[in-house]
Each structure stands twice: as structure tokens, then as C-alpha cells.
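The block underneath contains the structure these notes are about, expressed in C-alpha cells.
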Number of protein chains: 2
Amino acid sequence: MYRAKDIMMAGSEGVKSVRRALDLLILLGASDDGLRVSELARQAELAVSTTHRLLTTLESQGFAQSDPETAVWRVGRTAFTVGQAYGRRRSFIAPALPYLKRLRDQTQETANFGILDGDWLVTVSQVESRQIVRAISPPGGHTPVFCSGMGKALLATWPDPEIIALAARTGLRPMTPRSLTSIEAVLADIARIRRRGYAVDDEEHIQGLRCVAAVVWSPTGEPACAISISGLAARLAPERLEITGTQVRDAAHQLTEHLGGQAPDLFARKT
Amino acid sequence: MYRAKDIMMAGSEGVKSVRRALDLLILLGASDDGLRVSELARQAELAVSTTHRLLTTLESQGFAQSDPETAVWRVGRTAFTVGQAYGRRRSFIAPALPYLKRLRDQTQETANFGILDGDWLVTVSQVESRQIVRAISPPGGHTPVFCSGMGKALLATWPDPEIIALAARTGLRPMTPRSLTSIEAVLADIARIRRRGYAVDDEEHIQGLRCVAAVVWSPTGEPACAISISGLAARLAPERLEITGTQVRDAAHQLTEHLGGQAPDLFARKT
DNA sequence: ACATCGCTTTCCGGTTTGCGGAAGGCGTGC
DNA sequence: GCACGCCTTCCGCAAACCGGAAAGCGATGT
């Protein structure tokens, strides 16, 4: 008899049924109007009966719910409740909202709030622009650090060797033709960010979307999170970046003070 | 060989490992500072090795994350992302925030936003009071409908027989000594709510906390959600309820208009 | 009216794979 | 230096998960 684990461990960590159930949850979360069992089974590459069994299990705990009329499945209440715990840990989200709102009103663009989680930048909250045409990268989303204005603003607080190490470990994962593709370009941009006090994402994450970001510091002198303004490249033109950058930087500064935080001297840590 | 399912189906629906993994997720979500494996195993009544295996599975999908320094486990990024989908479906959350804020400023108390999900009232969002002493029932939480101001405000839009049916199906699930305990008391309160246009929760959910709520209508004439003001009973005294009720009702009315919704004539549906 | 299709939901036997006791390893306190 | 508590890994047994199949069910077309 052969050791099943030994040959099938490739890329498949942990308990199979649990992994599959979580996959289903992720698919449900990514869909806006819910999914039927068969469609879900297709996307997850599972047998329909298996999908159905896992869904009812998710349902019994409130993580999924099915509309009995239409047999459409959606994310359930418990998933929401549990997810909130992720944000609750960063207690500075609530106080940030007024500052985001003011930024939104100053700039007429969408204001975002993000944190670093491992090698991703997670957009935790946002205050939407009132413009009719606006780009939406919804809260809860995540972006490779190097393709995000907020991500780069946070990276700029790290010593260079750690940035290089991160890049080596995860790659730059470019998302558009304008994403940074070499570590040299990253370091040059980082240097610029340290000098100016704000970061610019020039259509590096989503084509047609520019973004200006700055760091907020915690009371312990750690970079806590970042805030940014994002808008259509057509509206957020190059000549507007400098004034917007100042506004974002100032807002970040005010939020830092409100939180009782402080930036290390000159904020540029030497290697 | 006996049919295992037949004898152990009591209270245990679905796939065992998945159910256990979700239990762990719920426990993680309920803890503020994360939990160690052994503590989690104790709370979930599982073997430590089983707990660990399930946790690493959750981790591989980003639903849990462990701090490698301290071996403390927390809710992960993916759980947050998936949970957001629950709120995204109700697209009226974002537009509601300005109205909540105005209400908060008018009343100096915490403003809440809730929806009905099955027989629970889910608090989806809130704008916190600036008072030093304030009660917190954090967003993401859920309350039996009959013990919630927002819940009762929404119930009041139902025909009486449906309210009675719901009460029969789920019970009233009182939470404090002042919670309603008879269907007669509920119907009397509901009648009062219909007459006044706002609901009052008089320490029926949490002792020492009063709450005033009103319904917001969707464009299709359905009750969409409810908003409320909640504050310490000492501050939200009986003589203040009437004026607060008017403010909440007006805010709900404005939000309804903003959403393009409309209340059915006189809003009291006959049986 | 009937047949066909596509879907959800339930059932059940074979065997995959999840379970948990035990052991290894690490840090801490006595 | 020993003992304790904790996290993590290992492995054989058998519990329970998987998925094909079939039963319902509603809609659509002939």
C-alpha cells in the first residue's frame, strides 16, 4: 500500500474537505449576485453532490445561505461577523473615517484606507467619490505591494535591504504595462517617496487609475497604515499630483496626530 | 455494519471536518487578541493535533493567520474579504453613512444601521457616539428580532399573522428582564410603532441601553433596512424619547428619499 | 399533453483520508 | 538539570467523505 499523502501533497495543504469548502466560500464572496450549485461546482471543479453537501455544511453554521425560492447561494451572516474581527484588531479604522471624508471632499476623488498584510496591501475601507464616473476597487480587496500606492508608501518606511528581500521572495507581480518591473525602478521610486512624503501609483495597479498615498504612524513609531486618493488618470492629471500629494500627506499627518502616533525623525530610516 | 449517519445526526449537520473548521473560525472571530492552539482546542473541545491541522488548512487559504513569533492565531485576510460580500449585496450601506453621522451629531449618541436576516437583526454598520461613556454592540453582531428596536421597526411593516407565525416558529428569545415575553405585548408594541413611525427598545436587548429605531424603504416599496440611535438609559431618558424618535424617523425618511425608495401609503399594511 | 432538458437534492457502498494518541522539540520556571 | 507546558509532526486504524446514480421538480418546446 502506498502512502497517499506523499504523492498528492503537491500544492494541497491540509484537510481536503475543509479546503474545498473554503474555496466555495471564496467563490461565493467573489460573486455579486450569488451562484447556483451547479455553477459553483463547475467553477470549483467539484462534483455537484459534493458541492451541495459542503454548502449545506456552510449553511448550518451561517457562513452561506441559500434563497429557497431561487436556489441561489450567497455569503452568510456568520462570514460577515467573523470577517469583522479582522478589521476590529486595527482599532484605528473608525477614527480614520472623518479624515478620509475630508480628503474626499477636498479632492472630489475616492479616499482609501489600507494596511499591509504579509506581502499584500489590503484595502480595508474607503469613502467613495461623488463623481459619476469612478473606478471601484472595493474594500476587502488586496493588491501586490509593489503595484499599490499605499503599498509603496508603506514600503518606503522599510530599510532598503528588507525591500529587496521582499521583492526577491515574492517577485514584483506587475499588474499593468506600467507596473514596476525591476528592483532598481522600485528603489528609485521609493527614494522619491521618502523625499516627497507621498507615493504615486501611475496606473500601476489598474489601467486608467492614478493614486496618491501617504503613511500613518502608530504611537509606537511603527508605520500603522496608509491612506490614499484614487481617481481616473484623466482627472488626476500629472500637474495635479503635487497638490494632491500635499493634501494626502497632510491628512496622513493629522490622522497620525489624532491617533497619538509619531513619525520617526525625518521618517527615512537609514539602512 | 450500522448506518453511522442515522445515530449521530443529532444536531450535527454536514461534513464533520468542515463544521469543526468553521467552529474554530467563529471562535477566532469572537476573540479580540487571538488564541493559541491549545486554548482553541479546549474551547472547541477538539484534540490539539486536530485543531492544529484544521488551522493550517484555514491558513493555507488565508482565512486564519498565525503570528510565527507568538504562535497566536487570528482571523485572516480572506475571511475579511469574503465577509465584505455580505454587506456589498446591500448597496445602500454606503449612502446611509452621512445620514447616520448627522443623526449622531444631532443626538450625540451612537447611530446604527441594521438589516433583517432570517429571524435575526444584524447590525451592519454604525457611527459611534463621541461620549466618553458609551455602550458598544459592535457591527457584525446579531440580535433576536423581538429584542431589537430596529428589529421591531422592521417587524411593524409585516402583517400581524406573519409576525405571530415568526414568533411561534422562533420564540421571542428574551435577553433581559425587560424583553417582551408574550406575543400580546409584542403586538401592542407593534401597534404603537405603526402609530408613531418609530420603535423603542427599552433595555430589552442590553440592560442599561435604550434605543430608538425607524424603517427605511427600498424603491420597490419593501422595507430595506432600519436605522437607530442607541444610548445609555440614563441619557436617553423617557422624556427625550419623543424628540429623538422624531429625529430618527425624519432621518429614515430622508434616507428613503435619497435611495429613491418610498413607503407604502400610511405604511401600515392591513392584514 | 407529453417528452426533454437542466437543475437541485437525496441516497448509499467503497475506500479514501481524516482522526487523535504518542513522540519529538523547544522554551520557561523552579 | 529536571519538569512542565506548549506547538508541531507522524502514522495506523476505521470513521465518514466522496461522487455516481437516481429521484424530484419546474420550465420550455413540440
Side-chain angles (χ1 to χ4, degrees), chain A residues 1-25 27-28 31 33-61 63-74 76, chain B residues 1-25 27-28 31 33-61 63-74 76:
Chain A
M1 188 223 292
Y2 67 95
R3 193 75 319 103
K5 263 188 185 172
D6 295 344
I7 63 163
M8 61 149 298
M9 255 318 188
S12 61
E13 203 138 350
V15 178
K16 183 155 87 173
S17 51
V18 173
R19 210 174 52 239
R20 290 171 159 188
L22 297 178
D23 281 342
L24 291 178
L25 257 187
L27 286 171
L28 284 181
S31 113
D33 317 298
L35 293 165
R36 336 274 306 282
V37 174
S38 54
E39 176 59 21
L40 210 39
R42 210 165 297 134
Q43 291 190 22
E45 300 182 349
L46 293 175
V48 175
S49 59
T50 303
T51 306
H52 186 259
R53 182 163 14 83
L54 292 174
L55 280 175
T56 53
T57 307
L58 288 168
E59 185 180 34
S60 76
Q61 311 278 68
F63 279 81
Q65 51 193 197
S66 77
D67 181 339
E69 305 283 307
T70 59
V72 164
W73 291 79
R74 304 173 196 283
Chain B
M1 190 220 292
Y2 68 95
R3 189 87 308 105
K5 261 188 183 170
D6 296 343
I7 64 164
M8 61 148 299
M9 255 319 187
S12 62
E13 203 137 350
V15 178
K16 183 158 82 173
S17 49
V18 173
R19 210 174 51 239
R20 289 170 158 189
L22 298 178
D23 281 341
L24 291 178
L25 213 43
L27 286 172
L28 283 181
S31 114
D33 318 297
L35 292 166
R36 336 274 304 282
V37 174
S38 55
E39 176 58 22
L40 211 39
R42 210 164 298 137
Q43 291 191 21
E45 299 181 350
L46 293 176
V48 175
S49 59
T50 303
T51 306
H52 186 259
R53 182 164 12 84
L54 293 173
L55 281 175
T56 53
T57 307
L58 288 167
E59 185 180 35
S60 76
Q61 312 278 70
F63 279 82
Q65 50 194 198
S66 76
D67 182 339
E69 305 282 309
T70 60
V72 164
W73 290 80
R74 305 173 195 281

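Quick note on labels: first sequence line is chain A, next is B, and so on, each numbered from 1. Not measured: the values here are computed from a predicted model.
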[X] has an atom [atom1]; how far is it from atom [atom2] of [N], in whole Å?
| X | N | atom1 | atom2 | value |
| --- | --- | --- | --- | --- |
| A:Leu55 | D:dC18 | CG | P | 12 Å |
| A:Leu40 | C:dT9 | CG | P | 12 Å |
| A:Leu54 | C:dT9 | CG | P | 14 Å |
| A:Asp67 | C:dT8 | CG | C1' | 14 Å |
| A:Leu58 | D:dC17 | CG | P | 13 Å |

### Message
Using five pairs at each end of the helix from C:dA1-D:dT30 to C:dC30-D:dG1 to define an axis, what is the angle between those two axes, to 10°?
### Response
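Inter-axis angle at the ends, rounded: 30°.
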
### Protein proximity profile, nucleotides 3-9 of chain D - base contact B, sugar-phosphate-only contact S, no contact -, cut-off 4.0 Å on heavy atoms
---SSBB

### Message
Between B:Thr57 (side chain only) and A:Val15 (backbone N and O only), is there a donor and an acceptor less than 3.5 Å apart?
### Response
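Side chain of B:Thr57 to backbone of A:Val15, a donor-acceptor pair under 3.5 Å: yes, one is there.
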
### Message
I'd like to know if the side chain of A:Arg74 and the backbone of A:Leu28 have a donor-acceptor N/O pair within less than 3.5 Å.
### Response
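Not a single qualifying donor-acceptor pair exists.
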
### Query
Does A:Thr50 make a side-chain N or O approach to OP1 or OP2 of D:dG19 shorter than 4.0 Å?
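So the side-chain polar atoms of A:Thr50 do come within 4.0 Å of the phosphate oxygens OP1 or OP2 of D:dG19, strictly under.
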
### Query
Would you say B:Arg20 reaches C:dG20's phosphate, i.e. side-chain N/O to OP1/OP2 under 4.0 Å?
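So the side-chain polar atoms of B:Arg20 do come within 4.0 Å of the phosphate oxygens OP1 or OP2 of C:dG20, strictly under.
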
### Message
Any heavy-atom pair between the side chains of A:Leu46 and A:Asp23 that's under 4.5 Å?
### Response
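In short, these two side chains do not touch, never coming nearer than 4.5 Å.
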
### Query
So, for A:Phe63 and A:Leu25, which heavy atoms are closest and what is the spacing to 0.1 Å?
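Result for this residue pair: O-CD2, 3.6 Å.
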
